[in-house]
Amino acid sequence: MPRRTAHSLTTSEKLLAFFGGTFDPIHYGHLKPVAALAAQAGFDQVILLPNNVPPHRPQPEATPQQRLHMAKLAVADNALFSVDPRELAVETPSYTIETLATLRKEHGDKCPLAFIIGQDSLLTLHKWHRWGSLLDFCHIVVMARPGYQEQLDTPELQKWYDAHRVNDADALKQKPAGFIYQANTPLLDISATEIRERRHAGLDCSDLLPSAVERYIESQGLYRE
Ligand code: ATP
């Protein structure tokens, strides 16, 4: 018998969601909207995927191990989340599309997979490697982010977005990949940049990230030099 829940009317497949980021450090602007989204869209699990950063871009201040550790501390008490270290296990930056192709192979053809991004990432998605093929492997779920416009910059990106957008999160369980869902998540005006800047200025960040992460940052002397 297919399992029937408020979010799952046609399939017994689980809906897994992946959330990539530099997480330098992870903060409530990541965690709170994603938790709200998971409840809204019926995600069974959210898997954090900390990224390596390409050598030509500004490098994170924390090491890959520190970023991974902070991600693990942030979700240690929340069964919704887990952390997948695969992109940090290799020295070179991974393209998101390659990670998604591997995840699709691991989970089989039928399992719905969602990849979560913030509005700022949607606005630059047309610069991602093989961005037009991302929906072959997963759905894309977009969280609003304060300060970032809704209007997409290129007609090509806008056309792609309009062609795949769905208004109902239930659609995400009805096929394994291929939809874009614009989620109505709480707006939190928090960035890792702001946290690093506040730390460098000797300011308190306790309202911006989980206390276990803050304690770890303090113990490692991160973002102080
Ligand atoms: P930085 O300030 O160093 O650029 P960041 O705070 O944007 O970092 P990232 O690790 O780069 O954090 O972001 C990972 C993902 O989380 C991206 O898809 C980004 O759009 C999203 N994101 C980050 N902060 C927020 C926020 N406050 N609201 C919604 N989405 C967010």
Side-chain angles (χ1 to χ4, degrees), residues 17-41 43 46-54 56-75 80-81 83-88 93-97 99-100 113-129 131 134-135 138-150 152-153 157 161 180-201 203 205 207-210 213-214 217 222-223:
F18 295 86
F19 183 39
T22 311
F23 303 137
D24 183 31
I26 193 158
H27 53 70
Y28 284 143
H30 298 125
L31 298 163
K32 291 190 176 178
V34 170
L37 171 60
Q40 254 176 49
F43 294 157
V46 176
I47 299 118
L48 302 177
L49 279 169
N51 304 146
N52 272 326
V53 176
H56 59 275
R57 300 244 194 93
Q59 290 300 299
E61 289 190 36
T63 65
Q65 290 70 28
Q66 287 171 325
R67 292 187 291 118
L68 178 62
H69 195 71
M70 290 189 281
K72 285 183 177 169
L73 285 174
V75 299
L80 172 67
F81 288 96
V83 184
D84 183 335
R86 70 178 66 216
E87 293 198 347
L88 297 179
S94 321
Y95 288 116
T96 298
I97 189 118
T99 303
L100 289 171
L113 301 179
F115 189 70
I116 304 169
I117 58 174
Q119 183 69 17
D120 55 311
S121 299
L122 175 65
L123 295 174
T124 56
L125 203 75
H126 55 293
K127 297 182 182 159
W128 291 23
H129 183 56
W131 66 274
L134 290 167
L135 291 175
C138 63
H139 303 298
I140 293 180
V141 178
V142 186
M143 303 188 297
R145 187 168 184 181
Y148 292 92
Q149 78 217 35
E150 282 178 28
L152 301 178
D153 278 341
L157 187 61
Y161 177 87
I180 300 170
Y181 176 63
Q182 189 83 37
N184 183 15
T185 41
L187 291 170
L188 274 89
D189 194 3
I190 304 175
S191 70
T193 303
E194 181 195 355
I195 292 173
R196 295 192 301 273
E197 286 174 358
R198 288 178 71 104
R199 292 270 312 164
H200 288 303
L203 299 172
C205 296
D207 50 337
L208 307 180
L209 75 183
V213 178
E214 198 194 9
I217 288 175
L222 271 169
Y223 317 123

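Order of appearance sets the numbers: ligands from 1, and atoms from 1 within every ligand. Just so it is clear, the structure is predicted and the values come from calculations on it, not from any experiment.
- Interatomic distance, Thr96 OG1 to Leu134 CG, rounded to the nearest 0.5 Å: 7.0 Å.
- Regarding atom 26 (C) of ligand 1, its nearest protein heavy-atom neighbour is Gly29 O, 3.3 Å.
- A donor atom on one side chain and an acceptor atom on the other are not found under 3.5 Å apart for Asp207 and Tyr28.
- Ligand 1 does not have Glu194 within reach: every non-hydrogen atom of the residue lies 4.0 Å or more from it.
- Of all atoms in ligand 1, listed by their number and element, those nearer than 4.0 Å to a heavy atom of Ala192 are 1 (P), 2 (O), 3 (O), 5 (P), 6 (O), 8 (O).
- Interatomic distance, CG of Leu49 versus CZ of Phe115, reported as 6.5 Å (0.5 Å rounding).
- Side-chain atoms of Val46 and Val75, non-hydrogen and from C-beta on, never get closer than 4.5 Å to each other.
- Glu61 and Gln66 form no side-chain donor-acceptor contact under 3.5 Å, judged by distance and modelled atom types alone.
- When each atom of ligand 1 is checked for a heavy atom of Gly20 under 4.0 Å away, the hits are 14 (C), 15 (C).
- The nearest protein atom to atom 9 (P) of ligand 1, hydrogens excluded, is given as His30 NE2, 3.5 Å; this is a heavy-atom distance.
- At least one N/O-N/O distance between Gly118 and ligand 1 falls below 3.5 Å.
- Looking at Ile180 and Leu122, their side chains never come closer than 4.5 Å, going by heavy atoms from C-beta outward.
- Below 3.5 Å of separation, one finds no N or O of Asp189 facing any N or O of ligand 1.
- Judged by distance alone, with hydrogens and angles left aside, the side-chain atoms of Ser191 form a donor-acceptor pair with the main-chain N or O of Glu194 at under 3.5 Å.
- Taking every heavy atom of Leu188 and a limit of under 4.0 angstrom, the matching atoms of ligand 1 come to 26 (C), 27 (N).
- When the options Pro58, Ser121, Ala183, Pro146 are ranked by their closest heavy atom to atom 17 (C) of ligand 1, first place goes to Ser121.
- Proximity to Phe23 (heavy-atom distance under 4.0 Å) selects the following atoms of ligand 1: 10 (O).
- Every atom of ligand 1 with a heavy atom of His27 under 4.0 Å away is listed here by number and element: 6 (O), 24 (N).
- On a distance-only criterion, Asp24 and ligand 1 share no N/O pair closer than 3.5 Å.
- Contact record, Val53 with Pro58: CG1-O, 3.6 Å, taken as the closest heavy-atom pair.
- Ligand 1 places these atoms under 4.0 Å from at least one heavy atom of Asp120: 19 (C), 20 (O).
- For ligand 1, the atoms lying closer than 4.0 Å to a non-hydrogen atom of Thr193 are 1 (P), 2 (O), 3 (O), 4 (O).
- The atoms of ligand 1 that sit less than 4.0 Å from any heavy atom of Phe19 are 15 (C), 16 (O).
- At the top of the distance list for atom 29 (C) of ligand 1, counting protein heavy atoms only, stands Ala144 O, 3.5 Å.
- Of the possible donor and acceptor atoms, one in the side chain of Arg199 sits under 3.5 Å from a partner among the backbone N and O of Leu222.
- Asn51 contributes no side-chain N or O that, together with a main-chain N or O of Pro93, makes up a donor-acceptor pair within less than 3.5 Å.
- Panel note: side chain Gln40, backbone Asn184; a donor-acceptor pair is recorded below 3.5 Å.
- Of all protein heavy atoms, the one closest to atom 30 (N) of ligand 1 is Met143 CE, 3.5 Å.
- In terms of protein heavy atoms, atom 11 (O) of ligand 1 is closest to Thr22 OG1, 4.1 Å.
- Regarding atom 7 (O) of ligand 1, its nearest protein heavy-atom neighbour is Arg145 NH1, 2.9 Å.
- Among protein heavy atoms, atom 3 (O) of ligand 1 sits closest to Arg196 NH1, 3.0 Å.
- Side-chain atoms of Gln59 come within 3.5 Å of backbone N or O of Arg57 as a donor-acceptor pair.
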